[in-house]
Amino acid sequence: MRLRLIRNATMLWDYAGQHILTDPLFADRFALPSYSGRSRNPVADLPLPVDNILAGVELVLLSHRHGDHFDAVARERLPKTLPLYCQPTDADALQSNGFEHVTPVESSLAWPAGTLTRILGHHGVGPVEEDMGVSSGYILQAPGEPTVYWVGDSVLCDETRAAIERYHPDVIVTHSGGALWPVGSDGGRALIIMDAAQTIATSRLAPWAKVVAIHLDSVDHATVSRADLRQAVAAEGLEGGILIPEDGEELVLTPQL
């Protein structure tokens, strides 16, 4: 398997003979509104042009439709004939956007890249999760390929722990920027994706796996940078287990023994 991080949760995967695009965020730097009041979004440039990103893409996989995971530029630039796989709550909206081949993933299904299984995520805990709505992760399985668990926009939760125990993934892709969202009327903020501590805890749950930490240095409501995460990982002696790619970097990932 080849995994190339583009930016945020936008990735290109070569898996089971398919070239897969995830969560396309194609907006120019600072073209979108702020989430925290600190800066407009995204806070980083794309590492290559959109045409290059789209070249050869055969499948699109969406965790959810928040603006930093599927933006207006992606809606415009993605060919409407591309097969698009998503969580059930997003299917009608994507079809109304003109996409002709939308497949909602209820639980598990066969797709051109083997087997795809949806895992419910928790985009925060408590009242903030109601604001965030449903977000999903996915298990990818195919002969000769590593089993991949893309956690998506989720904190570490019971569903994540159960998926790790059941599927024994070789690769776990975490959203690790520690993004916070306002909750209540007292100015409080709640965690809505994993932070450094939860990323490290995920690695401890699956010491055989490679954890690939993304959703870093890309949006203004994040509280964990790549530098922060690398420091935390080094302090725990987990440099070999947690990979922190730069935008544009490609990883080659294999099944773990």
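No experiment lies behind these values; they were computed from the predicted model shown. Reckoned from all heavy atoms, side chains included, excluding hydrogens, waters and symmetry mates.
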Has the side chain of Thr22 got a donor or acceptor atom that lies under 3.5 Å from a matching backbone atom of Met11?
yes

Side-chain H-bond candidate by donor/acceptor type, His64 with Asp153, under 3.5 Å:
yes

Give a yes-or-no answer on whether the side chains of Asp23 and Thr10 include a donor-acceptor pair shorter than 3.5 Å.
no

Does Lys210 use its side chain to pair, donor to acceptor, with the backbone of Gly240 at less than 3.5 Å?
yes

Taking the side chain from Arg2 and the backbone from Val252, do they hold a donor-acceptor pair closer than 3.5 Å?
no

Approximate separation, where rounding is to 0.5 Å, of Ser36 OG and Leu180 CG
9.0 Å

State whether the side chain of Thr117 and the backbone N or O of Tyr138 hold a donor-acceptor pair below 3.5 Å, judged by distance alone.
no

Less than 6.0 Å separating the ring centroids of His175 and His69?
yes

Would you tabulate the side-chain donor-acceptor contacts of residues 92-104 under 3.5 Å, counting partners in other chains and residues two or more places apart, or write 'none'?
unit_1 : atom_1 : unit_2 : atom_2 : d
Ser96  : OG     : Ala93  : O      : 2.6

Spell out, as yes or no, whether a donor-acceptor pair under 3.5 Å connects the side chain of Gln87 to the backbone of Val134.
yes

Assess whether side-chain contact (heavy atoms from CB on, under 4.5 Å) is satisfied between Leu48 and Ile53, documenting all intermediate values.
CA-CA 7 Å; Leu48 64 162; Ile53 297 168; 3.8 Å; yes

Presence of salt bridge, Glu236 and Arg204, under 4.0 angstrom:
yes

Consider only side-chain N and O atoms of His122 and Glu129, and report whether a donor and an acceptor are under 3.5 Å apart.
yes

Report the distance from atom CG of Leu140 to atom CH2 of Trp13, rounding to the nearest 0.5 Å.
5.0 Å

Is Leu54 reachable from Leu84 through a run of hydrophobic residues whose side-chain heavy atoms are each under 4.5 Å from the next?
yes

Is the shortest distance from a Lys or Arg side-chain nitrogen in Asp90 or Arg65 to a carboxylate oxygen in the other one below 4.0 Å?
yes

Which one of Ile242, Leu156, Leu205, Val211 satisfies the side-chain contact (heavy atoms from CB on, under 4.5 Å) criterion with Ile200?
Ile242

Please confirm whether the backbone N or O of Glu250 pairs with a side-chain atom of Arg4, one donor and one acceptor, at under 3.5 Å?
no

CG on Leu3 to CG on Leu12, rounded to 0.5 Å
8.5 Å

Treating Asn8 as the side-chain partner and Leu216 as the backbone partner, does any N or O pair qualify as donor plus acceptor under 3.5 Å?
no

Tell me if a side-chain donor or acceptor on Ser218 pairs with a main-chain N or O of Pro42 at a distance below 3.5 Å.
no

Partners passing side-chain hydrogen bond (donor to acceptor under 3.5 Å, both in side chains) against Asp247 (at least two apart in sequence or in another chain):
Arg226

Check ion pair Arg7-Glu249 (N to O, under 4.0 angstrom):
no

Any side-chain to backbone donor/acceptor pair from Trp181 onto His123? Under 3.5 Å, distance only.
no

Just by distance, no angles: are the side chains of Asp217 and Ser225 close enough, under 3.5 Å, to form a donor-acceptor pair?
no

Under 3.5 Å donor-acceptor, Arg40 side chain and Ala31 backbone
yes

